[in-house]
Amino acid sequence: MPPAERRAAIVAATLPLVLSHGAAVSTRQIAEAAGIAEGTIFRVFPDKEALMCAVTAAAFDPAPSLRRLAGIDRALPLRERLVAAAAILQEGVSGAIALIDALGLTGPPPQRDGRQARGGHTGRNDAFRAAVVDLIGADAHRLTVPAAHFAHVLNLLVFSGTHPKMTDGRPLAPAEVVGILLDGTLRPGSREPDPHHHHTAPEELDD
């Protein structure tokens, strides 16, 4: 197996073990899961810390999710496209939170040298917002807000509606997230009067 493929296979085998055992997972467990000798791990990674850094980097890499967002069929109706996007974003949030909890972290882990991954939170969020704007495409004129703001709010709702500490065990479904944005929660015909709107009194109409 080429070195790059071997490295990716070891990382893929390690991630579910980290989610189950945290940082205490042993290289023996990893080797058994990957179907390799334990020594093979250290021919690919200098030590266990390097392997764990590779696992967290892969878990927080936005590229796979961005590719999936780009692959959503643009011929689908806007709502269906957005629900598909929300599902992809939600999977990414769930996976990241699960890994953070498993490792006892308070946020995305830094690289081995202590630096945050290139772009950090802002870079990832910008990329996801841009992907959603691209997904909205020619339907942007149908929104009451700019597509970029819509994408921003979508990301906020997905995160807050997925995080277990915010949802109390009742996460929002992707269709619900999109429904809140596109439809709101006020019943049709039950809109409250705008207190700032000037209503013309009957006597004024007679003038």
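All values below come from the heavy atoms of this structure, side chains included, with hydrogens, waters and symmetry mates left out.
A continuous path of hydrophobic side-chain contacts links Val25 to Ile36 [ILVMFWY only; heavy atoms under 4.5 Å]. Leu154 and Leu156 fall into different hydrophobic clusters, where Ile, Leu, Val, Met, Phe, Trp and Tyr are joined by side-chain heavy atoms under 4.5 Å apart, directly or via other members. Under a hydrophobic-cluster definition in which Ile, Leu, Val, Met, Phe, Trp and Tyr are linked whenever side-chain heavy atoms come within less than 4.5 Å, directly or via other members, Val158 and Leu66 are assigned to the same cluster. Two different hydrophobic clusters hold Val18 and Val93 under the rule that ILVMFWY side chains link at heavy-atom gaps under 4.5 Å. No continuous path of hydrophobic side-chain contacts links Leu103 to Ile97 [ILVMFWY only; heavy atoms under 4.5 Å].
Considering all non-hydrogen atoms of both residues, Leu99 and Ala59 come closest at CD2-CB, 3.4 Å. Closest approach of Phe159 to Met166, counting heavy atoms only: CE2-CE, 3.8 Å. Arg129 and Asn155 make their closest contact through CG-ND2, 3.4 Å (heavy atoms, listed as atom of the first residue, atom of the second, distance). Nearest heavy atom pair, residue Arg7 against residue Phe45, reads NH1-CE2, 3.1 Å. Heavy-atom minimum distance, Leu17 versus Ala33: CD1-CB, 3.7 Å. In terms of heavy atoms, Ala31 sits closest to Ala37 at CB-C, 4.0 Å.
In this structure a side-chain-to-backbone donor-acceptor pair under 3.5 Å is present from Gln29 to Ser26. Listed for the Arg81 side chain is a donor-acceptor partner under 3.5 Å among the backbone atoms of Leu76. Counting only distance, with no hydrogens or angles, the side chain of Arg142 and the backbone of Ala138 share no donor-acceptor pair below 3.5 Å.
Annotation: side chain of Phe150 is in contact with side chain of Leu182 (closest heavy-atom distance under 4.5 Å). Inter-residue side-chain proximity for Leu69 and Leu89 is flagged as met; some heavy-atom pair is nearer than 4.5 Å. Residues Asp183 and Arg79 are in side-chain contact: their nearest non-hydrogen atoms beyond the backbone lie under 4.5 Å apart. In this structure, Asp139 and Leu143 have side chains that are not in contact, with every pair of non-hydrogen atoms separated by 4.5 Å or more. Contact annotation: the side chain of Ile136 approaches that of Leu82 to within less than 4.5 Å [non-hydrogen atoms, C-beta and beyond]. Residues Ile72 and Ile88 meet the side-chain proximity criterion, which asks for heavy atoms closer than 4.5 Å.
A donor-acceptor pair shorter than 3.5 Å cannot be found between the side chains of Ser65 and Arg68.
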I would like to know whether Val177 and Thr162 meet side chain to side chain contact (heavy atoms under 4.5 Å, CB included); could you show each step before the answer? CA-CA 10 Å; Val177 170; Thr162 303; over 6 Å; no
Checking Ile30 against Ile10 for the side chain to side chain contact (heavy atoms under 4.5 Å, CB included) test, could you report, in this order, the C-alpha distance in whole Å, the side-chain angles of both residues, the deciding distance, and whether it holds? CA-CA 8 Å; Ile30 294 168; Ile10 294 173; 4.2 Å; yes
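Between the OG1 atom of Thr14 and the CG atom of Leu51 there is a distance of 4.5 Å, given to the nearest 0.5 Å. A distance of 10.0 Å separates OG of Ser94 from NE2 of His163, quoted to the nearest 0.5 Å.
Aromatic ring pairs are classed by plane angle as parallel below 30°, tilted from 30° to 60° and perpendicular above 60°; the pair His152 and His149 is tilted.
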